[in-house]
Amino acid sequence: MLGAFFMYIAAMSKVSLFVTIEVQPGKVEAFLEKIREQIEIIRGEDGCQEIELFQNSDELNQVHVWEVWRDRASWDLHMSNGASKAWQETAAQYTLGEKITVLKSA
């Protein structure tokens, strides 16, 4: 019974993400325009508590996104919804790849 309780608490915990995106040379400005539009959509999704966009000042082809989700379930739903799937197709036209780091409180 105690194990189920801890699994429930883990499922309800916030999910924080740090995403690093490598943008193709010459496509940074166009990509930034597109991702800003996508971020506005994400801000309206249930469970999104924070999302911010940053550009690396040392490596201009590198963009970072900081996200906080209410819980893992809301992030999972975000990752599988139609807007995210469409975004993945759009992003592929501008990026070389991305790395998603899921963070936990220490």
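Below, each value reflects all heavy atoms present in this structure, side chains not excepted, and no hydrogens, waters or symmetry copies.
- Residues passing the salt bridge (Lys or Arg N to Asp or Glu O under 4.0 Å) test with Asp46 are Arg70, sequence neighbours excluded.
- Rounded to the nearest 0.5 angstrom, Ile35 CD1 and Leu53 CG are separated by 5.5 Å.
- When side chains are defined from C-beta on, Val15 counts as touching Val102, because their heavy atoms get closer than 4.5 Å.
- Within the structure, the side chain to side chain donor-acceptor pair (under 3.5 Å) test picks out no pair touching residues 85-100 (sequence neighbours left out).
- A donor-acceptor distance shorter than 3.5 angstrom exists from the side chain of Arg43 to the backbone of Ile51, with no hydrogens or angles considered.
- Val19 and Leu60 are assigned to two separate hydrophobic clusters, defined by single-linkage of ILVMFWY side chains at heavy-atom distances under 4.5 Å.
- A side-chain donor-acceptor contact under 3.5 Å links Ser80 to the backbone of Leu77.
- Put simply, CD on Glu67 and OG on Ser16 are 10.0 Å apart, with the number rounded to the nearest 0.5 Å.
- Looking only at side-chain heavy atoms (C-beta outward), Val65 and Ile21 come within less than 4.5 Å of each other.
- The shortest heavy-atom contact between Met79 and Ser84 is O-CB, 3.9 Å.
- We find the CG-CG distance between Asn81 and Asp76 to be 11.5 Å, quoted to the nearest 0.5 Å.
- Here the closest heavy-atom approach between residue Leu32 and residue Val63 is recorded as CD2-CG2, 4.0 Å.
- Separating the CD atom in Gln55 from the CZ atom in Phe31 is a distance of 10.5 Å, to the nearest 0.5 Å.
- For the atom pair SG (Cys48) and CD1 (Ile41), the distance works out to 12.0 Å, reported to the nearest 0.5 Å.
- To the nearest 0.5 Å, the span separating CD on Glu50 from CH2 on Trp69 amounts to 12.0 Å.
- Applying the side chain to side chain donor-acceptor pair (under 3.5 Å) test to every pair with at least one member in residues 20-37, sequence neighbours left out, gives these pairs: Thr20-His64, Glu22-Gln62, Gln24-Lys27.
- Side chains of Val68 and Trp75 form no contact here, defined as non-hydrogen atoms less than 4.5 Å apart.
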